Amino acid sequence: MGKKLVVGNWKMNLLREDAKQLSGAMVNMLGACYNECNVVIAPPYTAFEVVRTCIEDSNIELAAQNVFSSTSGAFTGEVSPPMLLDAGCRWVILGHSERRYILGENDEQIRQKLLLSVSSGLKVILCVGETGKQREDAVSDSEDAASRKELLFSPIKAQIESALGSIGEQLIADIVIAYEPVWAIGTGENATSFEIAEIHRCIRELLTRMFPACGNEVKILYGGSVKTVNIAGIMSADEVNGVLVGGESLSAGSFVKIIKSVGG
Ligand code: PGA
């Protein structure tokens with residue numbers, strides 16, 4: 001399985017000067033040699049260069065928050081996998097719920113983006129998760145615990161099967177799954193350790209069924225209102241191999257506390 005992974009998603013925040021200060025403060029507080037766990041940060045494209053310069057002597061790696069599914073061409077406003085690699089970026093976050101539900105991205109687009117990303121040499125953090133309504137419906141429409149679990153997992157299963165259905169076993173090593181219940185993102189309402197473990201175990205079972213040789217090795221992160229105050233509980237849940245942090249990654253002090261708590 002290797003080391004645990006902490007990813008900071010800055011979303012559409014920070015001008016270059018603020019991005020420089022935040023990444024500089026993170027490196028200082030963490031120490032340039034820190035490697036108890038792997039750390040990735042995803043600034044907006046406009047801050048890539050300043051952030052890349054600040055983190056170049058540390059073990060922190062750069063991620064993009066999105067990418068397009070073609071290498072080059074007439075796609076106004078888009079950025080391709082080779083462009084991300086050229087900018088010093090090694091990772092990309094795909095399928096984030098804000099892209100699915102605010103920007104209208106569908107499973108097929110995510111599948112294409114993922115396939116081109118991994119075959120171009122990027123590592124992918126694939127976000128999946130149920131909405132609040134899907135969770136409520138799973139409770140109200142089921143008669144027993146087993147059918148509740150099956151109903152609850154079905155939208156997540158569909159997202160994973162669609163995104164990874166055409167990925168060969170040899171590329172799965174470059175993919176990380178982030179379970180992010182949509183109702184927990186940016187709301188301050190995180191899933192409980194029980195809720196997290198239940199879904200993470202289902203994801204692990206699905207991955208080992210889809211990829212018998214190495215499904216066990218794929219990291220599964222939790223995301224959704226991860227904070228310094230709840231990180232210990234989240235990490236204690238079964239099959240949690242790290243976290244994807246939004247709001248709290250915009251504070252160097254809080255983000256470094258989360259990293260150190262995950263790294264042990
Ligand atoms: P949050 O965001 O930590 O602010 O809830 C998580 C995410 O969107 O990945």
Side-chain angles (χ1 to χ4, degrees), residues 4-14 18-19 22-23 26 37-45 47 51 60-67 89 91-105 110 113-114 117 122-135 155-156 159-160 163 175-193 195-196 199-200 203 219-237 240-262:
K4 297 203 166 61
L5 172 64
V6 178
V7 182
N9 175 10
W10 293 5
K11 308 194 180 184
M12 198 178 71
N13 291 297
L14 305 184
D18 302 321
L22 176 59
S23 45
M26 271 178 56
C37 65
N38 295 317
V39 180
V40 172
I41 50 176
Y45 298 132
V51 172
I60 302 171
E61 293 185 294
L62 202 57
Q65 301 170 18
N66 183 33
V67 76
C89 179
W91 292 80
V92 62
I93 299 173
L94 292 177
H96 191 281
S97 65
E98 285 149 17
R99 296 214 57 87
R100 290 180 193 264
Y101 300 111
I102 302 174
L103 294 149
E105 229 169 72
I110 294 163
K113 289 178 176 197
L114 188 141
S117 295
L122 284 167
K123 295 184 191 177
V124 170
I125 299 148
L126 171 69
C127 301
V128 296
E130 83 287 359
T131 63
K133 168 103 174 54
Q134 287 168 328
R135 182 167 278 271
I156 301 161
Q159 289 170 340
I160 295 177
I175 295 169
V176 169
I177 308 286
Y179 167 54
E180 298 207 297
V182 181
W183 49 271
I185 295 179
T187 58
E189 192 191 343
N190 67 289
T192 64
S193 319
E195 289 167 334
I196 296 170
I199 299 295
H200 278 231
I203 295 176
K219 286 189 176 63
I220 309 173
L221 314 183
Y222 169 77
S225 297
V226 175
K227 308 213 178 293
T228 53
V229 292
N230 59 24
I231 185 66
I234 289 168
M235 290 308 298
S236 71
V240 176
N241 311 123
V243 283
L244 174 49
V245 187
E248 203 92 326
S249 70
L250 294 172
S251 149
S254 300
F255 192 54
V256 167
K257 267 193 201 151
I258 290 173
I259 294 166
K260 289 197 169 159
S261 164
V262 171

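Quick caveat: nothing in here was measured; it's all calculated off a predicted structure. Atoms within a ligand are numbered from 1 in the order they appear, just like the ligands themselves.
Under a 4.0 Å criterion applied to the non-hydrogen atoms of Glu180, ligand 1 contributes the atoms 6 (C), 7 (C), 9 (O). Proximity to His96 (heavy-atom distance under 4.0 Å) selects the following atoms of ligand 1: 7 (C), 8 (O), 9 (O). Counting the atoms of ligand 1 from 1 in the order shown, those under 4.0 Å from a heavy atom of Gly186 are 1 (P), 4 (O), 5 (O). Counting atoms of ligand 1 from 1 in the listed order, those under 4.0 Å from a heavy atom of Leu244 are 9 (O). Heavy-atom proximity to Gly247, at under 4.0 Å, picks out these atoms of ligand 1: 1 (P), 3 (O), 4 (O). Within ligand 1, the atoms closer than 4.0 Å to a non-hydrogen atom of Lys11 are 2 (O), 7 (C), 8 (O), numbered from 1 in the order shown. Every atom of ligand 1 is numbered from 1 in the order shown, and the set under 4.0 Å from a heavy atom of Gly224 is 5 (O).
Residue Glu248 places no N or O, backbone or side chain, under 3.5 Å from any N or O of ligand 1.
The 12-atom threshold is exceeded at NZ of Lys219, counting heavy atoms of other residues, nucleotides or ligands nearer than 6.0 Å.
Proximity of Ala184 to ligand 1 is established by a heavy-atom distance of less than 4.0 Å. Gly223 does not count as a contact of ligand 1, since none of its heavy atoms falls under 4.0 Å from the ligand.
Glu61 and Trp91 share a side-chain donor-acceptor pair at under 3.5 Å. In the model, Trp183 has a side-chain atom that pairs as donor or acceptor with a side-chain atom of Glu130 under 3.5 Å. A side-chain N or O of Asn66 and one of Lys113 form a donor-acceptor pair less than 3.5 Å apart.
Among protein heavy atoms, atom 3 (O) of ligand 1 sits closest to Gly246 N, 2.8 Å.
Ile110 contributes atom CD1, which lies 9.0 Å from atom CZ of Arg99 (distance to the nearest 0.5 angstrom).
Ion pairing between Arg100 and Glu105 fails under the 4.0 Å rule for side-chain N and carboxylate O. Using a 4.0 Å cut-off between a side-chain N of Lys or Arg and a carboxylate O of Asp or Glu, Lys257 and Glu248 do not qualify as a salt bridge.
No side-chain heavy atom of Leu5 sits under 4.5 Å from any side-chain heavy atom of Cys37.
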